[in-house]
Amino acid sequence: MIFTILTKGRTILVVGTLFCLTSHPATSQAESTTNSQEVQAKRNKQIVTAAFDRWADGSSDFFNEMLAPDIEWTVEGSGPNAATYRGREAFMSGAVRPFVSRLRIPVRPLSKRLWADGDHVIINWEGEAIAQDGRPYRNRYVWIFRMAGGKAAEVNAFLDLAPYDDVLRRIPAPGEEGAQ
């Protein structure tokens, strides 16, 4: 470093190195925040991966396990089944149970890819099931979870709504006329 020092009529040029013996608080705080976000992302990714693995094995009640009671779940898109549900019970009664009741074999994840960044986990997965009429149901999904306390607090769900809507339209719900 070069410093210029002015004294009574003379300029003195000083060349040297400046050492800082204390850490810079902004750098430490930024590093700490980055490390904390990385740790949180890793933890969230592990939680979601493990839950998906249990779901694929059939040993989990995935939605009750993963969703916070006050979840806000948005099924993105257009059509009669695109909606936002506030609360786990609203989501289960409005979207999950009507669909599951029309399946002979429930949806299971066949493949998945996950990414995490802080409180957010993105899951790109493919699922398959068999409807009550014996026809297959296949779909691809992207779910974006905002995690809080090890649970999904907010979800934006992207899927092809046409196959989902088709099952709901084609198969009568239990108790409806013509139901199997």
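Given the structure is predicted, the values throughout are model-derived calculations rather than measurements. All residue numbers refer to positions in the sequence shown, counting from 1.
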What are the two closest non-hydrogen atoms of [X] and [Y], and how far apart are they?
X      : Y      : answer
Gly127 : Val107 : CA-CG1, 4.2 Å
Ala153 : Ala68  : CA-CB, 4.3 Å
Ala116 : Lys45  : CB-CB, 3.8 Å
Gln132 : Leu103 : NE2-O, 2.9 Å
Ala51  : Glu65  : CB-OE2, 3.7 Å
Leu161 : Ala82  : CD1-CB, 4.0 Å

How long is the gap from [atom1] on [X] to [atom2] on [Y], to the nearest 0.5 Å?
X      : Y     : atom1 : atom2 : answer
Thr74  : Phe91 : OG1   : CZ    : 10.0 Å
Leu67  : Tyr85 : CG    : OH    : 13.0 Å
Met66  : Ile71 : CE    : CD1   : 8.5 Å
Thr49  : Asn44 : OG1   : CG    : 10.5 Å
Arg108 : Phe52 : CZ    : CZ    : 12.5 Å

Spell out, yes or no, whether Phe158 and Val96 are grouped together once hydrophobic residues are joined by side-chain heavy atoms under 4.5 Å, including indirect joins.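 No.
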Run the salt bridge (charged side-chain N to carboxylate O under 4.0 Å, His left out) test against Arg88 and tell me which residues pass, sequence neighbours left out.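 Listed in chain order: nothing, the list is empty.
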Taking only residues two or more places apart in sequence, or in another chain, which ones meet Asp53 in a salt bridge (charged side-chain N to carboxylate O under 4.0 Å, His left out)? Lys112
With distance as the sole criterion, is a donor-acceptor pair present between the side chains of Tyr164 and Asp166 under 3.5 Å?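 On atom types as modelled, these side chains do not qualify, holding no pair under 3.5 Å.
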Determine whether the side chains of Asn139 and Asp160 contain a donor N or O and an acceptor N or O closer than 3.5 Å.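 Looking only at side-chain atoms, Asp160 and Asn139 do not form any donor-acceptor pair under 3.5 Å.
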Is there a side-chain contact between [X] and [Y] in this structure, where contact means two heavy atoms from C-beta onward sitting under 4.5 Å apart?
X      : Y      : answer
Val155 : Ile144 : no
Trp115 : Asn124 : yes
Val75  : Thr84  : no
Ile130 : Arg135 : no
Gln40  : Asp119 : yes
Arg113 : Ile123 : no

Take a 6.0 Å sphere around CZ of Arg97 and say whether it holds more than 12 heavy atoms from other residues, nucleotides or ligands.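 Yes, because the 6.0 Å sphere around CZ of Arg97 holds more than 12 heavy atoms from other groups.
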Please determine whether the number of non-hydrogen atoms from other residues, nucleotides or ligands lying under 6.0 Å from atom CG of Asp117 exceeds 12. no
Test Arg102 against Leu168 for side chain to side chain contact (heavy atoms under 4.5 Å, CB included), laying out the working first. CA-CA 7 Å; Arg102 291 166 165 90; Leu168 292 173; 3.5 Å; yes
Between Arg138 and Leu110, does a side chain to side chain contact (heavy atoms under 4.5 Å, CB included) hold up when you go through it step by step? CA-CA 10 Å; Arg138 291 182 187 93; Leu110 301 176; over 6 Å; no
Would you please indicate yes or no on a ring centroid separation below 6.0 angstrom for Tyr141 and Trp125?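 Yes, the ring centres sit under 6.0 Å apart.
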Just say parallel, tilted or perpendicular for the rings of Trp55 and Phe62, cut-offs at 30° and 60°. parallel
Flag the pair Asp133 and Arg170 as a salt bridge only when some basic side-chain nitrogen lies within less than 4.0 angstrom of an acidic carboxylate oxygen.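 Salt bridge between Asp133 and Arg170, a charged N being under 4.0 Å from a carboxylate O: yes.
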Side chain to side chain contact (heavy atoms under 4.5 Å, CB included) evaluation trace for Tyr137 with Glu128: CA-CA 6 Å; Tyr137 166 81; Glu128 194 172 276; over 6 Å; no
Test: side-chain hydrogen bond (donor to acceptor under 3.5 Å, both in side chains). Region: residues 142-151. Which pairs qualify, not counting sequence neighbours? Arg146-Glu154
Just do the side chain to side chain contact (heavy atoms under 4.5 Å, CB included) check on Val142 and Ile122 with the steps written out, would you? CA-CA 7 Å; Val142 174; Ile122 302 169; 3.9 Å; yes
